[in-house]
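Single-structure report; data block below.
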Amino acid sequence: MNSAPDEAVKLETLAVHAGRGIDAASGAVAPSPVLSSTFARAADGSYPQGHIYSRASNPSRAALERCLAALEQGAAATAFPSGSAASMAVFQALDPGDHVVAPGDMYHGTGTQLRELLQRWGLQHSCVDMSDLDAVRAALRPNTRLVWVETPSNPLLKLSDIAAVAELAHGSAALCAVDNTFATPVLQRPLQLGADLVMHSTTKYLGGHSDLLGGAVVARQDDAFFARVRDFQTKAGAAPAPFDCWLLQRSIATLPYRVRAQAATAQTIAEFLFGLPRVAAVHYPGLDTHPNHALARRQMRSGGAMLSFQLRGGRDEALAVAAKVRLFTRATSLGGVESLIEHRSSVEGPHSTTPDNLLRVSVGLEHVDDLIADLRQALD
Ligand SMILES: Cc1ncc(COP(=O)(O)O)c(C=O)c1O
């Protein structure tokens with residue numbers, strides 16, 4: 001099955017089959033990773049299988065990229081060794097002197113790239129509340145070339161209206177890129193809503209088992225800008241290992257079922273937390289009290305598997321609850337089969353704007369009753 005966008009084929013089917021096929025040489029049904037860094041030339045000097053050297057292209061990576069493009073219904077995808085390498089590739093495909101509009105509430109590492117690495121390189125940026133369209137409009141400048149969206153955002157689970165932001169960006173001759181790590185293509189398809197690029201930390205739900213690092217960019221059009229993004233992989237050398245590509249594609253086969261089950265459990269946990277006396281706020285787009293709930297219903301298939309909540313009191317109260325959980329693991333990251341809980345502000349560093357009474361939860365695949373029992377005893 002190739003990566004051509006095909007509305008008729010369902011996501012579950014694409015997750016299993018896109019980029020995969022029976023191995024012609026051996027008849028193997030399950031693909032094996034192609035670890036070779038180099039590929040043989042024919043006597044006439046040509047490369048019969050199309051691969052020369054694994055930084056430029058590799059069969060396991062090419063299979064993964066076809067799969068990723070199909071899942072996001074894009075024209076092409078490029079895989080990276082981390083989500084951070086993927087976002088850097090997009091930013092460095094711009095020119096020094098260009099301007100980026102980015103969300104105030106975004107993954108702190110993306111903010112660090114813009115502030116510490118790219119400012120020095122001459123890329124300007126402004127941070128706005130991306131859920132406020134007037135603020136986005138006001139932030140656009142004549143040299144704005146990219147509007148970066150992260151929805152739901154990390155860690156406050158704010159939503160941005162992808163279609164409306166993309167329209168504003170295009171009205172200003174800028175591209176719109178969406179970090180779709182939290183929602184995954186199971187819950188949200190930004191390219192169908194008008195975005196030009198989708199970025200993933202595939203470390204999270206796509207990998208799904210907390211055992212690999214990866215990133216990806218998927219493009220609506222395989223155009224000159226995307227060629228620059230791909231250069232970051234093939235020429236700058238940000239190429240993922242073939243084994244990781246293979247492992248990632250193996251996990252993607254179960255992505256739709258994992259994400260849907262995790263999101264259903266997250267919805268139940270958010271409802272449980274809401275209204276508890278020690279809980280001051282629950283941030284979860286699937287709750288009808290969430291300020292962007294109507295947008296969530298329009299733009300997402302459910303509220304997702306991430307949530308955060310604030311304790312009455314401050315940092316000490318939040319840390320005390322995190323200290324008492326037994327089934328949740330106190331750890332950073334998200335999207336794996338095991339549930340994680342994290343005090344975000346203490347991991348984000350001095351630039352953090354995250355409230356210090358906030359805990360972020362990545363809901364895994366354990367039984368919902370066991371997760372709720374754990375939170376209940378920690379909050380009692
Ligand atoms: C929303 C989001 N984007 C990007 C990243 C960066 O990805 P990676 O850790 O794979 O570099 C993360 C990591 O936590 C993330 O949560």
Side-chain angles (χ1 to χ4, degrees), residues 64 68 72 77-92 100 102-118 127 130 146 148-160 162 177-188 190 195 197-218 229 232-233 238-241 244-245 247-248 251-252 259 262 266 283 285 300 304-308 329 331-336 340-349 351-354 358 360-363:
L64 170 67
L68 291 167
E72 287 288 6
T78 304
F80 291 98
S82 67
S84 304
S87 52
M88 272 306 273
V90 175
F91 295 138
Q92 291 209 311
V100 177
D105 179 44
M106 64 180 149
Y107 169 58
H108 76 107
T110 313
T112 304
Q113 289 183 338
L114 288 166
R115 220 175 29 249
E116 292 181 14
L117 306 181
L118 292 152
C127 289
M130 203 51 77
L146 179 71
W148 185 265
V149 178
E150 188 182 303
T151 180
S153 68
N154 183 358
L156 287 173
L157 282 298
K158 288 185 181 178
L159 299 196
S160 315
I162 296 172
V178 177
D179 182 338
N180 204 26
T181 299
F182 270 31
T184 82
V186 181
L187 304 181
Q188 174 173 280
L197 298 166
V198 166
M199 172 260 160
H200 280 282
S201 166
T202 55
T203 313
K204 316 301 183 196
Y205 292 99
L206 278 80
H209 299 77
S210 308
D211 55 7
L212 63 86
L213 280 179
V217 180
V218 185
V229 174
F232 200 72
Q233 178 201 63
D244 290 355
C245 294
L247 192 56
L248 180 53
S251 296
I252 285 174
V259 168
Q262 287 168 268
H283 306 287
M300 300 174 69
M306 294 298 298
L307 62 96
S308 58
T329 302
T332 197
S333 201
L334 57 118
L340 305 178
I341 194 162
E342 188 184 27
H343 183 249
R344 274 309 283 177
S345 69
S346 53
V347 88
E348 289 180 350
H351 289 281
S352 174
T353 52
T354 300
L358 179 139
R360 191 187 74 178
V361 173
S362 168
V363 176

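Fair warning: this is a prediction, and the values are worked out from it, not measured in the lab. Both ligands and their constituent atoms are indexed starting at 1 by order of listing.
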| field | N or O pair under 3.5 Å between G83 and ligand 1 | value | yes
| Pick one: which of L334, T354, I341 meets side-chain contact (heavy atoms from CB on, under 4.5 Å) with R360? | L334
| field | atom 10 (O) of ligand 1 [closest protein heavy-atom partner, distance rounded to 0.1 Å] | value | T203 OG1, 2.7 Å
| query | Which one of K204, M199, H108, E150 has a non-hydrogen atom at the shortest distance from atom 14 (O) of ligand 1? | reply | K204
| said: Using a 4.0 Å cut-off to any heavy atom of G214, which atoms of ligand 1 qualify? | reply: 10 (O)
| Looking at L206 and P185, what are the two nearest heavy atoms and their distance? | CD1-CD, 4.5 Å
| said: How long is the straight-line distance from CG of L358 back to CD of E348, given to the nearest 0.5 Å? | reply: 8.5 Å
| message | Check for me whether A86 has a heavy atom closer than 4.0 Å to any atom of ligand 1. | response | no
| remark: Atoms of ligand 1 under 4.0 Å from any heavy atom of D179, numbered from 1 in the order shown, are 1 (C), 2 (C), 3 (N), 4 (C)
| query | Any donor-acceptor pair under 3.5 Å linking the side chain of S82 with the backbone of L213? | reply | no
| field | Protein contact of atom 6 (C) of ligand 1 - nearest heavy atom, named by residue and atom, plus distance | value | Y107 CE2, 3.4 Å
| field | Note, M300 side chain near P152 side chain (heavy atom, < 4.5 Å) | value | yes
| Are D244 and L64 close enough, and set up right, to give a side-chain contact (heavy atoms from CB on, under 4.5 Å), and what steps lead you there? | CA-CA 10 Å; D244 290 355; L64 170 67; over 6 Å; no
| query | With a cut-off of 4.0 Å, which atoms of ligand 1 are near a heavy atom of S84? | reply | 6 (C), 7 (O), 8 (P), 11 (O)
| message | Just to check, does H200 reach to within less than 4.0 Å of ligand 1 when the distance is taken from its heavy atoms? | response | no
| request: Using distance alone, determine whether T110 and ligand 1 share an N or O pair under 3.5 Å. | output: no
| query | Is it the side chain (CB and beyond), the backbone, both or neither of M106 that lies under 4.0 Å from ligand 1, heavy atoms counted? | reply | neither
| Side-chain donor-acceptor pair present, E150, T110, cut-off under 3.5 Å | no
| task | For Q262 and V363, indicate whether the former's side chain and the latter's backbone hold a donor-acceptor pair under 3.5 Å. | result | yes
| query | With atoms numbered from 1 as shown, which atoms in ligand 1 lie under 4.0 angstrom from a non-hydrogen atom of N154? | reply | 16 (O)
